[in-house]
S.K.: 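Quick one: the structure is below, and I'll ask about it shortly.
Heads up: numbering here begins at 1 and tracks the sequence.
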Amino acid sequence: MLSKWNLCWSCIHNKAIDFLQTGGAPSCSFSGLREEGPGKSSEEPLWREGRGQEELLCLGAGRQCLASPRPCLCPCLTAPPFPGWSLALLGQQYLDILTSWYCSFQACCDSGDCRISNNFTGLESDLSVQLHGQHLARELVLTTVRGYLELPRPDKALALSFHGWSGTGKNFVARLLAENLYRDGLRSDCVKTFIATLHFPHLKYVDLYKEKLTSQIKETQKRCRQTLFIFDEAEKLHPGLLEALRPHLERQAPENHRVESPKTIFLFLSNLGGNTINEAVLRLLQAGGAREEIRLEQLVSRLRAEIAESADTAFGHSCLVKENLIDFLIPFLPLEYRHVRLCARDAFLSRGLPYTEEALDQIAKMMVYIPKEEQLFSSQGCKSVSQRINYFLP
């Protein structure tokens with residue numbers, strides 16, 4: 001095991017000292033950190049008279065980051081600079097660079113990569129409290145993602161495909177996953193989101209899109225040992241792009257049985273199959289069944305059939321579906337009046353605003369419900385609910 005001084009000289013000194021001499025300064029006071037070893041104060045400031053740049057760096061490298069829930073944000077750039085160092089140059093880019101240096105040491109945080117949090121307790125809580133009317137998605141997402149990420153050497157990427165009408169929570173669950181698996185959520189270097197009509201809009205550039213998509217996936221996987229790729233409007237992806245994803249979803253022989261394999265999750269979000277899901281749920285409710293008693297096997301076979309038979313999209317005819325490269329099709333059920341009320345309540349709470357039961361009812365009644373006779377399901381799910389609360393602000 002290298003000592004702190006060896007770590008300093010071998011890993012930090014050569015990388016950082018030139019940078020610091022150009023005008024940047026590391027933190028001079030690290031709140032929430034402790035220096036390893038007996039007799040060290042947990043709040044001892046790194047900066048004091050007589051400490052040089054090299055010593056400062058070494059002391060920082062030997063400390064362990066304890067901050068939570070955002071571990072490893074060790075450097076703060078607010079302390080008094082050394083003579084000749086300019087505060088005007090200090091900023092977020094320096095914080096990011098210094099954070100990367102500290103996070104390169106395995107002692108920095110339990111996962112070994114401080115960008116990765118894998119907060120399964122938080123994910124379970126968020127799905128239980130914030131996701132309404134989706135007991136199947138809640139159980140499947142939590143079980144499959146946690147099970148996959150706890151595997152030491154998975155032989156393929158995890159591919160989940162979310163299906164259901166707009167506003168039922170597909171994008172919301174994708175965001176919750178990003179926020180609980182990664183320190184910076186959707187902004188993480190380890191997370192990439194692609195929207196079919198935004199990122200791949202022109203048919204004539206498909207070859208260019210394929211090359212760029214493949215490059216981005218490989219670069220992200222090289223940068224992060226655990227990655228998340230989200231494809232929104234998946235039913236609108238060109239067949240060539242779907243085929244380009246095949247190598248990333250096929251089973252891979254592990255290169256080294258002694259080390260953990262890289263882990264990748266692909267999420268495909270689609271409205272495809274929404275009508276089939278809604279019809280199945282409607283029949284079950286009309287037959288006197290309870291929504292929460294609906295089981296996955298009652299929906300998946302019908303969902304798979306509609307996806308495979310759809311003539312308007314290449315998704316169902318792609319290798320992803322035909323070769324079973326997607327591990328789970330996850331149905332998102334249509335939302336009812338009571339679920340829309342809960343969405344309205346959450347929208348008020350997220351903005352720190354008071355609400356009344358009457359306001360929640362009024363917002364829920366603004367939505368259009370179908371079928372025309374039963375008026376059971378919101379045609380837009382909870383989409384636009386957060387905008388509608390503006391009508392009730394003082």
S.K.: For T356 and A359, indicate whether the former's side chain and the latter's backbone hold a donor-acceptor pair under 3.5 Å.
M.R.: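 Side chain of T356 to backbone of A359, a donor-acceptor pair under 3.5 Å: yes, one is there.
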
S.K.: Would you check if there is a donor-acceptor pair between the side chains of N180 and R175 at a distance under 3.5 Å?
M.R.: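 Not at all, the side chains of R175 and N180 share no donor-acceptor pair under 3.5 Å.
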
S.K.: With sequence neighbours left out, write down each residue that passes ring pair (Phe, Tyr, Trp, His ring centres under 6.0 Å) with Y209, or none if nothing qualifies.
M.R.: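 Only F200 meet the ring pair (Phe, Tyr, Trp, His ring centres under 6.0 Å) criterion with Y209.
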
S.K.: Of all residues at least two apart in sequence or in a different chain, which pass the ring pair (Phe, Tyr, Trp, His ring centres under 6.0 Å) check with Y205?
M.R.: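 Only H202 meet the ring pair (Phe, Tyr, Trp, His ring centres under 6.0 Å) criterion with Y205.
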
S.K.: Should the heavy atoms of other residues, nucleotides or ligands under 6.0 Å from NZ of K383 be counted, would the total exceed 12?
M.R.: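 Not more than 12 within 6.0 Å, no.
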
S.K.: Would R351 and D346 count as a side chain to side chain contact (heavy atoms under 4.5 Å, CB included) here? Give the steps.
M.R.: CA-CA 9 Å; R351 294 169 64 172; D346 292 350; over 6 Å; no

S.K.: Is any side-chain heavy atom of V173 less than 4.5 Å from a side-chain heavy atom of L269?
M.R.: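 No; the side chains remain at least 4.5 Å from each other.
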
S.K.: Can you confirm whether or not the ring centre of F268 sits under 6.0 Å from the ring centre of F162?
M.R.: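 Distance test on ring centres: not under 6.0 Å, no.
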
S.K.: What closest approach, in Å, do N271 and S166 show between heavy atoms, and which atom pair accounts for it?
M.R.: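 That closest heavy-atom pairing would be OD1-N, 3.7 Å.
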
S.K.: Do the side chain of H339 and the main chain of E336 share a donor and acceptor less than 3.5 angstrom apart?
M.R.: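 Yes.
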
S.K.: Less than 4.5 Å apart, any side-chain heavy atom of L160 and any of L329?
M.R.: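 No, too far: nothing below the 4.5 Å cut-off.
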
S.K.: Can you name the closest pair of heavy atoms from A137 and F332 and give their distance?
M.R.: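 In this case the closest contact between A137 and F332 is CB-CZ, 3.7 Å.
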
S.K.: Residues in side chain to side chain contact (heavy atoms under 4.5 Å, CB included) with R302, at least two apart?
M.R.: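 Side chain to side chain contact (heavy atoms under 4.5 Å, CB included) check on R302 returns T276, A280, R283.
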
S.K.: Would you say the side chain of Q226 lies within less than 4.5 Å of the side chain of D113, judging by non-hydrogen atoms?
M.R.: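 Sidechains of Q226 and D113: no contact.
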
S.K.: Check whether any side-chain N or O of H163 sits under 3.5 Å from a backbone N or O of G273 as a donor-acceptor pair, and report yes or no.
M.R.: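 Checking the backbone N and O of G273 against the side chain of H163, no donor-acceptor pair under 3.5 Å is found.
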
S.K.: Applying disulfide bond (SG atoms under 2.5 Å apart), which residue pairs with at least one partner in residues 349-394 are found, sequence neighbours left out?
M.R.: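 Every pair satisfying disulfide bond (SG atoms under 2.5 Å apart) with a residue in residues 349-394: C343-C382.
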
S.K.: What do you reckon, is CD of Q286 surrounded by more than 12 foreign heavy atoms closer than 6.0 Å?
M.R.: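 Correct, the count exceeds 12.
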
S.K.: Determine, stepwise, if the pair I307 / V321 fulfils side chain to side chain contact (heavy atoms under 4.5 Å, CB included).
M.R.: CA-CA 9 Å; I307 293 172; V321 174; 4.3 Å; yes

S.K.: Remaining members of L198's ILVMFWY cluster at a side-chain heavy-atom cut-off under 4.5 Å?
M.R.: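 Answer for L198: I195.
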
S.K.: Counting only N and O atoms by type, is there a donor-acceptor contact under 3.5 Å from the side chain of K263 to the main-chain atoms of L151?
M.R.: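 Side chain of K263 to backbone of L151, a donor-acceptor pair under 3.5 Å: yes, one is there.
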
S.K.: If you count every heavy atom of other residues, nucleotides or ligands that lies below 6.0 Å from N390 atom CG, does the total exceed 12?
M.R.: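 It does: N390 CG has more than 12 such atoms within range.
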
S.K.: Connecting only ILVMFWY residues whose side-chain heavy atoms lie within less than 4.5 Å of each other, what is the rest of Y369's hydrophobic cluster?
M.R.: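 Taking Ile, Leu, Val, Met, Phe, Trp and Tyr as members, Y369 shares its hydrophobic cluster with Y337, V340, F348, L349, L353, Y355, L360, I363, M366, M367, V385, I389, Y391, F392, L393.
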
S.K.: Looking at T168 and L335, what are the two nearest heavy atoms and their distance?
M.R.: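 In this case the closest contact between T168 and L335 is CA-CD1, 4.1 Å.
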
S.K.: For residues D327 and A157, report the shortest heavy-atom separation together with the two atoms involved.
M.R.: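 Looking at all heavy atoms of both residues, the closest pair is OD2-O, 3.4 Å.
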
S.K.: Can you tell me how far apart CG (N118) and CD (E150) are? Round to the nearest 0.5 Å.
M.R.: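 Taking CG in N118 and CD in E150, the distance rounds to 9.0 Å.
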
S.K.: Would E124 and R138 pass as an ion pair if we require N to O under 4.0 Å?
M.R.: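 Not counted as a salt bridge, because no side-chain N and carboxylate O are separated by less than 4.0 Å.
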
S.K.: What distance separates L320 CG from H317 NE2, expressed to the nearest 0.5 Å?
M.R.: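 It is 13.5 Å, given to the nearest 0.5 Å.
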
S.K.: So how far is it from R251 CZ to D155 CG, rounded to the nearest 0.5 Å?
M.R.: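 Output value for this atom pair is 4.5 Å.
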
S.K.: Can you name the closest pair of heavy atoms from P247 and Q252 and give their distance?
M.R.: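 Residues P247 and Q252, closest heavy atoms: O-NE2, 2.9 Å.
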
S.K.: Looking only at non-hydrogen atoms, find the nearest pair between Y148 and P154 and report the distance.
M.R.: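 Smallest interatomic distance, heavy atoms only, reads CE1-CB, 3.5 Å.
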
S.K.: Between H135 (side chain) and I294 (backbone), is there a donor-acceptor pair under 3.5 Å?
M.R.: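 It does hold such a pair.
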
S.K.: Quick one: are T193 and L186 in side-chain contact, heavy atoms under 4.5 Å?
M.R.: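 When only atoms from C-beta onward are counted, L186 and T193 do touch, with a gap below 4.5 Å.
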
S.K.: When you compare the side chain of L267 with that of L228, does any pair of heavy atoms fall below 4.5 Å?
M.R.: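 The answer is yes, as the side chains (C-beta and beyond) meet within the 4.5 Å cut-off.
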
S.K.: With a cutoff of under 4.5 Å between side-chain heavy atoms, which Ile, Leu, Val, Met, Phe, Trp and Tyr residues group with L203?
M.R.: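 Result for L203 is V206.
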
S.K.: How long is the gap from CD1 on I330 to CG on L296, to the nearest 0.5 Å?
M.R.: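 Interatomic distance, I330 CD1 to L296 CG, rounded to 0.5 Å: 8.0 Å.
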
S.K.: Taking side chain as C-beta onward, heavy atoms only, is T227 less than 4.5 Å from P262?
M.R.: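 No - every pair of side-chain heavy atoms lies 4.5 Å or more apart.
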
S.K.: Enumerate the disulfide bond (SG atoms under 2.5 Å apart) contacts for residues 143-210, please, sequence neighbours excluded, ordered by first and then second residue.
M.R.: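 Residue pairs passing disulfide bond (SG atoms under 2.5 Å apart), neighbours aside: C190-C224.
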
S.K.: Between Q221 and T264, is any side-chain donor less than 3.5 angstrom from a side-chain acceptor?
M.R.: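 Per modelled atom types, Q221 and T264 side chains form a pair under 3.5 Å.
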
S.K.: Taking it one step at a time, do F229 and V191 satisfy side chain to side chain contact (heavy atoms under 4.5 Å, CB included)?
M.R.: CA-CA 6 Å; F229 298 101; V191 179; over 6 Å; no

S.K.: Please identify each residue that fulfils side chain to side chain contact (heavy atoms under 4.5 Å, CB included) with L325, with sequence neighbours left out.
M.R.: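 Expected list: R246, L249, E250, C319, E323.
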
S.K.: Going by heavy atoms in the side chains, are L241 and L213 under 4.5 Å from each other?
M.R.: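 Counting from C-beta outward, L241 and L213 do come under 4.5 Å.
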
S.K.: Taking side chain to side chain contact (heavy atoms under 4.5 Å, CB included) as the definition, give me every residue that meets it alongside L342, ordered by chain and number, with sequence neighbours left out.
M.R.: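 L342 satisfies side chain to side chain contact (heavy atoms under 4.5 Å, CB included) with H132, R345 only.
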
S.K.: Taking C-beta and beyond as the side chain, do C114 and R183 meet within less than 4.5 Å on heavy atoms?
M.R.: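 Heavy-atom side-chain distance check passes, below 4.5 Å.
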
S.K.: With side chain to side chain contact (heavy atoms under 4.5 Å, CB included) as the test, would you mind laying out the steps for Q362 and E357 before giving the verdict?
M.R.: CA-CA 9 Å; Q362 287 183 281; E357 295 299 318; over 6 Å; no

S.K.: Do side-chain atoms of D184 reach the backbone of R187 as a donor and acceptor pair under 3.5 angstrom?
M.R.: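 No, because the side chain of D184 does not come within donor-acceptor range (under 3.5 Å) of the backbone of R187.
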
S.K.: Not counting sequence neighbours, which residues clear side chain to side chain contact (heavy atoms under 4.5 Å, CB included) with A244? List them please.
M.R.: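 Counting only residues at least two positions away or on another chain, A244 forms a side chain to side chain contact (heavy atoms under 4.5 Å, CB included) with K210, T214.
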
S.K.: If only side-chain N and O atoms count, and only distance matters, is there a donor-acceptor pair under 3.5 Å linking E211 with S215?
M.R.: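 On atom types as modelled, these side chains do not qualify, holding no pair under 3.5 Å.
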
S.K.: Please check: side-chain N/O of Q298 versus main-chain N/O of R295, any donor-acceptor pairing under 3.5 Å?
M.R.: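 Side chain of Q298 to backbone of R295: a pair is present.
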
S.K.: When rounded to the nearest 0.5 angstrom, what is the spacing between CG in L299 and CG in L333?
M.R.: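 So the gap between those two atoms works out to 6.5 Å.
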
S.K.: Give a yes or no on whether the backbone of F315 and the side-chain of S318 come within a donor-acceptor separation of less than 3.5 Å.
M.R.: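 Between the backbone of F315 and the side chain of S318 there is a qualifying donor-acceptor contact (under 3.5 Å).
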
S.K.: Looking at D232 and K170, does any basic side-chain N land under 4.0 Å from a carboxylate oxygen?
M.R.: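 Salt bridge: no.
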
S.K.: If the condition is ring pair (Phe, Tyr, Trp, His ring centres under 6.0 Å), which residues does F377 pass it with, not counting sequence neighbours?
M.R.: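 F377 satisfies ring pair (Phe, Tyr, Trp, His ring centres under 6.0 Å) with no residue once adjacent residues are dropped.
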
S.K.: Just by modelled atom types, is the L140 backbone N or O under 3.5 Å from a matching donor or acceptor in the T144 side chain?
M.R.: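 Looks like yes, one N/O pair under 3.5 Å.
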
S.K.: Just verifying a value: how many Å separate S117 OG and E179 CD, rounded to the nearest 0.5 Å?
M.R.: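 Going from the OG atom of S117 to the CD atom of E179 covers 10.0 Å.
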
